[in-house]
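As C-alpha cells, the structure follows; a few thoughts come after it.
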2 protein chains.
Amino acid sequence: MSISTRFSVGIHILSLLEVNKEGVNTSEFIAKSVNTNPALIRKITGMLRNAGLVNVRPGIAGATLAKELSDITLLDVYQAVNVVQDKELFGIHEQPNPACTVGRNIQDTIGPIFSVAELALEKALGVVTIEDVVKDILEKEKFNNQ
Amino acid sequence: MSISTRFSVGIHILSLLEVNKEGVNTSEFIAKSVNTNPALIRKITGMLRNAGLVNVRPGIAGATLAKELSDITLLDVYQAVNVVQDKELFGIHEQPNPACTVGRNIQDTIGPIFSVAELALEKALGVVTIEDVVKDILEKEKFNNQ
DNA sequence: TTTACATGTAATAATATAAGTTACAGGTTG
DNA sequence: CAACCTGTAACTTATATTATTACATGTAAA
Ligand code: FES
Ligand code: FES
C-alpha cells in the first residue's frame with residue numbers, strides 16, 4: 001500500500017507553477033509535464049484551490065500560486081489533496097469481539113498510539129516548504145548541467 | 001486510503017497471546033476474538049512467525065510469543081505484516097517528463113524528503129512495545145469494571 | 001455575438017489491493 | 001488410523017486509484 005500519488009503530483013504542480021511562472025500553466029501543459037491527463041490535473045488543482053494554495057478560475061487559462069512559496073508546507077499539500085483522512089492513516093479492524101478483554105479495549109488503546117505516529121509524520125512534512133523543494137530542484141538542475 | 005488493518009490485527013494477535021497465555025490460541029479462537037476468519041489469522045500469524053515474533057507450527061494447535069513482550073515494538077509488527085514496503089509509504093508518480101526541469105528532478109528531490117517523514121513515523125512506532133499495549137488494555141479493563 | 005479555448009465535473013473503465021471465503025494438502029498427536 | 005490444526009492457494013467481493021472521455025460552463029478576443 002502506498003499513499004496516493006496525488007500528493008507527489010500536487011507538489012509537482014506547485015513547483016512547476018514557480019519554475020514556469022513566466023508561462024501560462026494550463027492543465028494541458030501541466031499534464032504533459034507530470035505525464036498524466038489534464039482532467040486529473042484539473043481535479044488536483046481544484047483541491048489546491050480549495051485549500052487556498054493556487055488561483056485558478058473557470059474559463060481563464062492557467063493556474064498561479066496563491067501564497068508565498070515559503071508559506072506552503074508539504075503538510076499543506078498533503079492535507080489539500082486529501083490522500084489520508086484525519087486520524088485514519090492506520091486502518092483499525094472494526095467490531096472486535098466485545099466478549100474478549102483484548103477485543104473490547106484494543107481500539108481505544110491503539111487509536112491514540114496511531115495518532116501520535118501520524119502526528120510525527122505530519123510534523124516532518126510540516127517543516128519542508130515548496131520553496132525548499134524548488135531550490136533543491138534548481139540546484140540539482142545546475143549540478144547536472146555542469 | 002488507510003494502511004491495511006493487518007497491522008492492527010497483528011497487534012491484536014500478539015496482545016491476545018499474552019492476555020490469554022494460559023489458553024490454547026488456535027487460529028479459530030483468535031479469529032473469533034478479532035472478528036474475522038481463521039485463514040486470515042493464519043496468514044498474519046505466519047508473517048509474525050517469519051519475523052521471529054511468534055512460535056507456530058503446522059499440525060500443532062496454538063501460537064505462542066517467541067520474544068519478551070517488552071522486546072516487541074509496534075515497528076516490529078508493522079514491518080512483519082508487510083503493510084508498507086520500505087521507502088514506499090508515499091507513492092510517487094512515475095515517468096514525469098524528462099524534458100521539463102521539474103519533471104527530470106522531482107523524484108530525486110521528493111524521495112529523500114519522503115524518507116525522512118517515513119522514518120519519523122517508524123520512530124514513533126518503535127518506541128511503543130506490545131507490553132505497553134497490554135498494560136494499557138488491562139488498565140482500561142480494570143477501570144471499566146470499577 | 002459568435003468563435004475558440006480553458007476549467008469544472010461527472011461518468012466510465014481499467015487496475016490494484018484488501019479482506020472474506022472455501023478448499024485442501026500436509027503435519028502432529030493420541 | 002482418526003481427529004484436528006496449520007499453511008497456502010484459489011476465488012470472490014469491496015474499495016480506491018488512475019486513466020479516459022465527454023460535456024456544461026466561463027472567459028476573452030475576433
Ligand atoms: S478481539 Fe480479542 S484480541 Fe482483538
Ligand atoms: S513538473 Fe513534474 S514533470 Fe515537469
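Every chain is numbered from 1 and lettered A, B, ... according to where its sequence line falls, protein lines coming before strand lines. Everything numeric here is computed off the predicted structure, so don't read it as measured data.
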Protein-nucleotide distance ([X], atom [atom1]; [N], atom [atom2]), rounded to Å:
{"X": "H12(B)", "N": "dA19(C)", "atom1": "NE2", "atom2": "C1'", "value": "16 Å"}
{"X": "R57(B)", "N": "dT8(D)", "atom1": "CZ", "atom2": "P", "value": "15 Å"}
{"X": "I41(B)", "N": "dA18(C)", "atom1": "CD1", "atom2": "C1'", "value": "15 Å"}
{"X": "I44(A)", "N": "dT7(C)", "atom1": "CD1", "atom2": "P", "value": "14 Å"}
{"X": "E28(B)", "N": "dT22(C)", "atom1": "CD", "atom2": "P", "value": "13 Å"}
{"X": "N55(A)", "N": "dG8(C)", "atom1": "CG", "atom2": "P", "value": "11 Å"}
{"X": "H93(A)", "N": "dA18(C)", "atom1": "NE2", "atom2": "C1'", "value": "15 Å"}
{"X": "M47(B)", "N": "dT8(D)", "atom1": "CE", "atom2": "P", "value": "11 Å"}

For this session: Could you tell me whether E141(B) atom CD has more than 12 heavy atoms of other residues or ligands within 6.0 Å of it?
Result: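 Yes, the 6.0 Å shell around CD holds more than 12 heavy atoms from other groups.
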
Exercise. Are there more than 12 heavy atoms of other residues, nucleotides or ligands under 6.0 Å from atom NZ of K43(B)?
Worked result: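 Atom NZ in K43(B) is not packed in, count stays at 12 or less.
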
Exercise. What is the nucleic acid contact for G62(A), judged by heavy atoms within less than 4.0 Å: base, sugar-phosphate only, or nothing?
Worked result: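 Here G62(A) touches the backbone only, sparing every base.
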
Pull out every protein N or O sitting under 3.5 Å from an N or O of nucleotides 13-20 of chain D, one pair per line with the distance.
from    : atom 1 : to     : atom 2 : distance (Å)
dT18(D) : OP1    : T5(A)  : N      : 3.0
dT18(D) : OP1    : T5(A)  : OG1    : 2.6
dT18(D) : OP2    : S4(A)  : OG     : 2.5
dA19(D) : OP2    : T36(A) : OG1    : 2.7

Problem set entry | Contact under 4.0 Å: R49(A) side-chain N or O vs dG8(C) OP1/OP2 |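 Result: yes.
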
Problem set entry | Phosphate OP1/OP2 of dC5(D) contacted by T26(B) side-chain N/O (<4.0 Å) |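 Result: no.
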
Problem set entry | Salt-bridge contact E18(A)-K21(A) (side-chain N to carboxylate O under 4.0 Å) |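 A salt bridge is present here (some side-chain N lies under 4.0 Å from a carboxylate O).
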
Exercise. Would a 4.5 Å heavy-atom cut-off, applied to side chains only, mark I130(B) and S15(B) as touching?
Worked result: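 Yes, at least one pair of side-chain atoms sits under 4.5 Å.
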
Could you work out which one of [options] sits closest to the side chain of [X]?
{"X": "P58(B)", "options": "dG7(D), dA6(C), dG26(D)", "answer": "dG7(D)"}
{"X": "A61(B)", "options": "dA6(C), dC5(D), dA22(D)", "answer": "dC5(D)"}
{"X": "R42(A)", "options": "dT27(D), dT29(C), dG8(C)", "answer": "dG8(C)"}

For this session: Report yes or no: do I60(A) and I44(A) belong to one cluster of Ile/Leu/Val/Met/Phe/Trp/Tyr joined by side chain heavy-atom distances under 4.5 Å?
Result: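 In one cluster: no.
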
Problem set entry | Parallel, tilted or perpendicular: rings of F7(B) and F90(A) (30°, 60°) |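 Ring orientation, 0 to 90° scale: tilted.
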
Exercise. Do N97(A) and S33(B) get their side chains close enough for a donor-acceptor pair, meaning under 3.5 Å?
Worked result: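 S33(B) and N97(A) do not have a side-chain donor-acceptor pair below 3.5 Å.
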
